[in-house]
Amino acid sequence: MHYQGEQFEGKHFDEDLEAVKFENCRFIDCDFTRAKLSGAEFSGCAFTTSDGDKGCSFSFADIRDTSFRNCRLALASFRGADGFGAEFRDCDLKGADFRQASFANFITTKSYFCSVFITGCNLSYADFEGQLFEKCELTENIWRGANLSGVSMDGADLSRGDFSSDSWGTFSLKNCDLRHVDLHGLDIRRMDLNGVKICDWQQESLLSPLGLVVS
């Protein structure tokens with residue numbers, strides 16, 4: 001099923017929407033809590049509420065392999081959502097809540113692998129506390145003000161990302177790709193940078209706090 005240019009208002013989507021496509025649609029005061037959205041596609045869609053203090057709810061929804069492209073999702077709640085394989089590209093996710101969401105497939109309690117694609121998004125002030133983003137594609141995002149406390153991004157591609165200087169040290173980034181990232185504020189004495197990739201020009205910002213001059 002394919003919806004194009006339609007407007008939905010005050011609707012609770014409790015039906016099965018797996019693999020449904022929404023293109024250039026607007027959702028006003030709609031609720032996707034616990035919705036089945038696996039494989040659904042949202043392109044150019046806006047999710048807004050009459051209450052500007054909160055956003056659309058996808059809490060505890062099944063968004064496995066769901067695609068959001070060029071969507072307005074500011075303040076949206078994805079709390080508790082199952083998001084393995086989900087895709088967010090060029091989206092406005094300012095202030096979005098991803099606490100307790102899962103982007104990992106657990107084989108055992110200690111063995112798992114992660115899958116989520118977040119690229120070109122505005123993630124300012126979004127809450128990712130405790131998330132697992134290991135070996136995921138997370139390029140060209142704005143992370144300023146985001147809560148990254150306890151997040152594991154080991155092996156992830158974070159290239160061309162924009163981070164707050166005070167966020168360094170709050171999350172794990174071993175084996176990450178940090179090329180073309182402003183590393184101001186990152187203290188190499190306090191973080192495990194084993195396997196991290198950087199460009200030649202980034203060495204200066206890492207070594208100058210130690211009194212070393214790179215020429």
Side-chain angles (χ1 to χ4, degrees), residues 3 5-104 114-133 136-149 151 161-162 164 167:
Y3 296 94
E6 297 196 31
Q7 178 169 303
F8 303 87
E9 190 166 359
K11 180 174 175 56
H12 181 198
F13 289 89
D14 54 359
E15 66 269 32
D16 189 340
L17 296 173
E18 293 184 4
V20 175
K21 296 182 180 181
F22 295 92
E23 184 178 356
N24 297 322
C25 292
R26 187 176 183 188
F27 302 88
I28 305 172
D29 292 324
C30 291
D31 188 357
F32 291 88
T33 301
R34 301 188 184 279
K36 297 179 180 178
L37 299 168
S38 179
E41 297 180 18
F42 296 88
S43 176
C45 295
F47 301 84
T48 61
T49 62
S50 53
D51 183 351
D53 293 332
K54 63 180 181 180
C56 184
S57 176
F58 293 87
S59 298
F60 304 99
D62 180 358
I63 58 169
R64 290 173 299 168
D65 299 313
T66 301
S67 175
F68 296 90
R69 289 178 175 267
N70 193 29
C71 290
R72 291 168 52 195
L73 289 158
L75 300 177
S77 173
F78 292 92
R79 191 164 188 169
D82 184 355
F84 185 80
E87 176 185 51
F88 299 88
R89 299 196 188 272
D90 302 312
C91 291
D92 179 3
L93 286 159
K94 291 192 300 288
D97 185 357
F98 287 92
R99 287 174 296 173
Q100 300 174 350
S102 176
F103 301 101
C114 307
S115 179
V116 66
F117 306 88
I118 308 177
T119 64
C121 293
N122 187 343
L123 307 175
S124 300
Y125 304 104
D127 195 337
F128 296 103
E129 184 176 358
Q131 278 301 327
L132 297 172
F133 289 143
C136 292
E137 183 181 341
L138 307 170
T139 61
E140 300 183 321
N141 296 308
I142 299 173
W143 301 88
R144 291 191 167 272
N147 180 8
L148 300 174
S149 178
V151 174
D162 185 7
S164 302
S167 67

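FYI, side chains are in, hydrogens and waters are out, and symmetry mates aren't considered; it's all heavy atoms of this structure. These figures come from a predicted structure and were not determined experimentally. Note that the numbering runs from 1 along the sequence shown for the chain.
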Using 30° and 60° as the class boundaries, would you call the ring planes of F68 and F42 parallel, tilted or perpendicular?
parallel

Could you check whether the rings of F8 and Y3 sit parallel, tilted or perpendicular, using 30° and 60° as the cut-offs?
perpendicular

For a 4.5 angstrom cut-off between non-hydrogen side-chain atoms, does D62 reach L37?
no

Scan for salt bridge (charged side-chain N to carboxylate O under 4.0 Å, His left out) pairs involving residues 78-88, sequence neighbours excluded, and state none if there are none.
R64-D82, R69-E87, E87-R89

For atom NZ of K11, is the number of surrounding heavy atoms from other residues, nucleotides or ligands below 6.0 Å larger than 12?
yes

What residues, two or more places apart in sequence or in another chain, satisfy side-chain hydrogen bond (donor to acceptor under 3.5 Å, both in side chains) together with T66?
none

Could you work out, with ring pair (Phe, Tyr, Trp, His ring centres under 6.0 Å) as the rule, every residue matching Y125, not counting sequence neighbours?
none

To the nearest 0.5 Å, atom CG of D92 lies from atom SG of C121 at 9.0 Å

Of all heavy-atom pairs between S50 and D29, which one has the smallest distance, and what is that distance?
N-OD1, 2.8 Å

Just by modelled atom types, is the G145 backbone N or O under 3.5 Å from a matching donor or acceptor in the S164 side chain?
yes

Using side-chain contact (heavy atoms from CB on, under 4.5 Å), reason through T48 and R26 one step at a time and then give a plain yes or no.
CA-CA 8 Å; T48 61; R26 187 176 183 188; 3.9 Å; yes

Quick check: does any side chain N or O of S57 sit under 3.5 Å from a backbone N or O of T33, one acting as donor and the other as acceptor?
no

Charged N to carboxylate O under 4.0 angstrom, R144 versus D162?
yes

Between the NE2 atom in H12 and the CD atom in E15, the distance rounded to the nearest 0.5 Å is 9.0 Å

With rounding to the nearest 0.5 angstrom, report the SG to CG distance, C56 to L75.
11.0 Å

Taking the side chain as every heavy atom from C-beta outward, state whether F88 and L123 have any pair of such atoms under 4.5 Å apart.
no

Separation between SG of C71 and CG of L93, rounded to the nearest 0.5 Å
9.0 Å

The criterion is ring pair (Phe, Tyr, Trp, His ring centres under 6.0 Å); which residues satisfy it with F133, sequence neighbours excluded?
F103, F128

Check the orientation of F13 and F27. Use parallel for under 30°, tilted for 30 to 60°, and perpendicular for over 60°.
perpendicular

Compare every heavy atom of C30 with every heavy atom of G10, then report the nearest pair and how far apart it is.
N-SG, 4.0 Å

Side chains of S149 and N147: is there a donor and an acceptor less than 3.5 Å apart?
no

Any side-chain heavy atom of F32 within less than 4.5 Å of one from I63?
no

Please enumerate all residues that pass ring pair (Phe, Tyr, Trp, His ring centres under 6.0 Å) together with F60, with sequence neighbours excluded.
none

Straight-line distance of D97 CG to S77 OG, nearest 0.5 Å
4.5 Å

Applying side-chain hydrogen bond (donor to acceptor under 3.5 Å, both in side chains), name anything that partners N141, two or more places apart in sequence or on another chain.
none

E6 side, atom CD; N24 side, atom CG - distance, nearest 0.5 Å
11.5 Å

Going by heavy atoms in the side chains, are K36 and D16 under 4.5 Å from each other?
yes

For the residue pair F47 and F22, is the inter-centroid distance of their aromatic rings smaller than 6.0 Å?
no

With side chains defined as the heavy atoms from C-beta onward, is the minimum distance between K21 and E23 less than 4.5 Å?
no

